[in-house]
Amino acid sequence: MEFKKFLSFLGPPGCGKGTQAPKVTDKYQLQFLSTGDVFRQAIKDETDLGKKAKDFVSNGKLVPDSIVIDMISERIFEEVKKTEGILFDGFPRTYTQAIALDKMLQKFRARVHAVISFDVPDSVLFERITGRLTHIPSGRTYHKTFKPPKIPMKDDVTGEDLVQRKDDTPEYLTRRLKEFHENADLIKDHYRKLGVLISVNANQSINSVTNEVLTSINKLLK
Ligand code: AP5
Ligand code: MG
């Protein structure tokens with residue numbers, strides 16, 4: 001396990017975590033694990049996990065730490081066997097989750113190698129979130145203006161329907177941003193002390209963000 005890589009994307013709703021993830025997982029052969037995607041699929045499938053998470057996710061609130069940590073600890077070692085490591089999107093999202101992840105990895109003499117913090121003013125996020133279109137089964141996202149699908153309201157890869165997420169309204173976004181800001185500084189301080197925090201400017205074109213993300217990860221993983 002020591003040689004496996006564990007990376008995390010940290011940033012407010014709409015900052016571009018899901019958009020940038022495939023570039024990083026492709027380049028570094030990582031498994032992608034988005035807690036938001038897992039919860040949305042579980043809610044759609046009406047599993048036990050979905051039933052536990054539903055009210056929190058649909059109201060823009062954080063799912064309780066114990067549910068998130070149990071879910072990750074059940075999956076992490078199966079997922080990591082498939083590739084060179086894991087890119088987490090939206091996890092850890094609280095200080096408690098960060099400490100739990102460190103402990104899970106310590107058991108296998110592994111650690112978090114890089115946490116990429118997406119910096120972008122809140123004001124930019126309203127247009128991104130309200131114009132977003134999502135393919136729930138894969139987590140792929142599009143934007144009505146900034147990244148339109150080839151055929152309106154259809155996923156480019158499967159041709160299946162795109163939807164607007166229920167929590168993608170200005171009202172829920174305000175709530176999700178509050179949750180994010182209440183937790184982000186403690187998580188950043190933790191990873192800064194460990195020397196693995198990277199900040200990128202996420203308030204630029206999608207391609208420019210990709211370049212900055214890949215260049216920064218390259219430096220840290222060297
Ligand atoms: P989650 O799914 O993680 O949502 P989020 O953090 O709110 O992030 P988003 O998916 O909204 O944004 P993103 O950064 O991926 O943006 P995207 O790339 O799509 O979590 C949802 C819910 O699940 C939470 O509220 C909570 O309830 C629960 N949850 C999940 N994890 C949890 C945890 N660890 N603990 C507790 N609860 C948890 O981009 C947005 C849009 O902008 C897209 O349309 C895209 O095309 C466009 N775009 C992207 N980049 C750019 C750019 N540079 N310029 C212009 N447009 C852009
Ligand atoms: Mg996302």
Side-chain angles (χ1 to χ4, degrees), residues 8-24 32-43 49-50 52-73 75-76 87-98 100-101 116-122 124-136 138-149 156 162-184 187 200-213:
S8 170
F9 276 179
L10 174 71
C15 67
K17 303 183 293 295
T19 302
Q20 298 297 333
K23 325 274 172 135
V24 175
F32 178 57
L33 189 43
S34 154
T35 38
D37 287 353
V38 170
F39 290 134
R40 276 185 290 279
Q41 189 62 45
I43 291 167
L49 178 68
K52 285 187 212 159
K54 188 174 179 182
D55 286 346
F56 298 101
V57 175
S58 45
N59 286 307
K61 294 193 166 162
L62 289 183
V63 175
D65 284 335
S66 59
I67 298 175
V68 182
I69 292 165
D70 283 354
M71 186 271 277
I72 292 286
S73 57
R75 288 173 186 238
I76 184 168
L87 171 64
F88 295 106
D89 167 351
F91 176 83
R93 226 181 181 95
T94 63
Y95 181 71
T96 306
Q97 292 178 19
L101 177 61
I116 297 91
S117 167
F118 286 64
D119 295 348
V120 56
D122 286 0
V124 172
L125 303 174
F126 284 83
E127 195 181 3
R128 289 198 191 173
I129 284 287
T130 52
R132 172 166 60 184
L133 303 169
T134 303
H135 179 243
I136 299 282
S138 68
R140 271 185 291 280
T141 56
Y142 302 83
H143 191 281
K144 286 176 190 166
T145 314
F146 306 132
K147 193 187 167 199
D156 286 355
L162 300 176
V163 297
Q164 219 156 0
R165 273 170 46 180
K166 290 195 178 63
D167 57 345
D168 278 354
T169 63
E171 187 200 348
Y172 285 128
L173 175 60
T174 305
R175 198 177 285 176
R176 286 156 61 202
L177 281 169
K178 185 167 170 283
E179 295 270 23
F180 172 77
H181 289 300
E182 279 170 5
N183 288 287
I187 302 175
V200 297
N201 173 12
N203 188 16
Q204 43 183 345
S205 72
I206 293 176
N207 285 340
S208 304
V209 178
T210 306
N211 288 337
E212 207 176 314
V213 167

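Numbering of ligands and ligand atoms starts at 1, following listing order. None of these values were measured; they are calculated from a predicted model.
Scored by the ring-ring contact (aromatic ring centres under 6.0 Å, His included) test, Phe180 finds no partners at all (sequence neighbours excluded). When the ring-ring contact (aromatic ring centres under 6.0 Å, His included) test is applied to Tyr95, the partners found at least two apart in sequence or on another chain are His190.
Enclosure of atom NZ in Lys166 is not indicated, since only 12 or fewer non-hydrogen atoms of other residues, nucleotides or ligands lie within 6.0 angstrom.
Residue contacts with ligand 1 do not include Glu179, since none of its heavy atoms lies under 4.0 Å from the ligand. Not a single heavy atom of Gly131 sits closer than 4.0 Å to an atom of ligand 1. At least one heavy atom of Arg165 sits less than 4.0 Å from an atom of ligand 1. Remark: distances from the non-hydrogen atoms of Thr94 to ligand 1 are all 4.0 Å or more.
Residue His143 touches ligand 1 through backbone and side chain together, judged by heavy-atom distances below 4.0 Å. Contacts between Phe180 and ligand 1 below 4.0 angstrom, taking non-hydrogen atoms only, are absent altogether. If you look at Leu62 next to ligand 1, the close heavy atoms, those under 4.0 Å, come from the backbone and the side chain alike. Neither the backbone nor the side chain of Pro92 has any atom closer than 4.0 Å to an atom of ligand 1 (non-hydrogen atoms only).
Between atom CG of residue Asn211 and atom CD of residue Gln20 there is a gap of 9.0 Å, rounded to the nearest 0.5 Å. Interatomic distance, Met71 CE to Phe91 CZ, rounded to the nearest 0.5 Å: 8.0 Å. Remark: Glu182 CD to Thr94 OG1 distance equals 12.0 Å, nearest 0.5 Å. Here the CZ-NZ distance, from Arg175 to Lys61, works out to 5.5 Å after rounding to the nearest 0.5 Å. Going from atom CG of Leu133 over to atom OH of Tyr142 covers 9.5 Å, rounded to the nearest 0.5 Å.
At the top of the distance list for atom 31 (N) of ligand 1, counting protein heavy atoms only, stands Thr35 OG1, 2.7 Å. Distance from atom 51 (C) of ligand 1 to its nearest protein heavy atom, with residue and atom name: Ile206 CG1, 3.4 Å. With hydrogens left out, the protein atom closest to atom 37 (N) of ligand 1 is Val63 N, 3.0 Å, a heavy atom. For atom 27 (O) of ligand 1, the closest heavy atom belonging to the protein is Lys61 O, 2.6 Å. Distance from atom 32 (C) of ligand 1 to its nearest protein heavy atom, with residue and atom name: Arg93 CD, 3.5 Å. In terms of protein heavy-atom proximity, atom 35 (N) of ligand 1 is nearest to Gln97 NE2, 3.0 Å. The protein atom (non-hydrogen) at minimum distance from atom 39 (O) of ligand 1 is Thr19 OG1, 3.6 Å. Annotation: atom 56 (N) of ligand 1 to nearest protein heavy atom, Phe146 CD1, 3.3 Å.
Every atom of ligand 1 is numbered from 1 in the order shown, and the set under 4.0 Å from a heavy atom of Gly18 is 13 (P), 15 (O), 18 (O). Residue Ile129 has at least one heavy-atom neighbour below 4.0 Å for each of these atoms of ligand 1: 11 (O). With ligand atoms numbered from 1 in the order given, ligand 1 contributes 5 (P), 7 (O), 8 (O), 11 (O), 12 (O) to contacts under 4.0 Å with heavy atoms of Pro13. Ligand 1 places these atoms under 4.0 Å from at least one heavy atom of Tyr142: 43 (C), 44 (O), 46 (O).
Distances between N or O atoms of Asp168 and those of ligand 1 include no value under 3.5 Å. The shortest N/O to N/O separation between Leu133 and ligand 1 does not fall below 3.5 Å. Residue Asp167 places no N or O, backbone or side chain, under 3.5 Å from any N or O of ligand 1. Checking only distances, Phe39 never comes within under 3.5 Å of ligand 1, N or O to N or O. Checking only distances, Val68 never comes within under 3.5 Å of ligand 1, N or O to N or O.
With respect to the salt-bridge test (charged N to carboxylate O, under 4.0 angstrom), the residues Arg75 and Asp70 do not qualify.
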Derivation of the salt bridge (charged side-chain N to carboxylate O under 4.0 Å, His left out) call for Asp168 and Arg176 | CA-CA 10 Å; Asp168 278 354; Arg176 286 156 61 202; 3.1 Å; yes
Mind running ring pair (Phe, Tyr, Trp, His ring centres under 6.0 Å) on Phe9 and Phe88 for me, showing each step along the way?
-> CA-CA 6 Å; Phe9 276 179; Phe88 295 106; over 10 Å; no
Could you please spell out the steps behind the side-chain hydrogen bond (donor to acceptor under 3.5 Å, both in side chains) verdict for His181 and Asp122?
-> CA-CA 10 Å; His181 289 300; Asp122 286 0; 3.0 Å; yes
Please lay out, stage by stage, how Asp119 and Ser117 fare under the test side-chain hydrogen bond (donor to acceptor under 3.5 Å, both in side chains).
-> CA-CA 6 Å; Asp119 295 348; Ser117 167; 3.0 Å; yes
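With distances taken over non-hydrogen atoms, the option nearest atom 8 (O) of ligand 1 out of Lys54, Lys17, Gln204 is Lys17.
No side-chain donor-acceptor contact under 3.5 Å links Glu212 to the backbone of Val200. Under the 3.5 Å distance criterion, the side-chain polar atoms of His143 are left unmatched by any main-chain donor or acceptor of Pro149.
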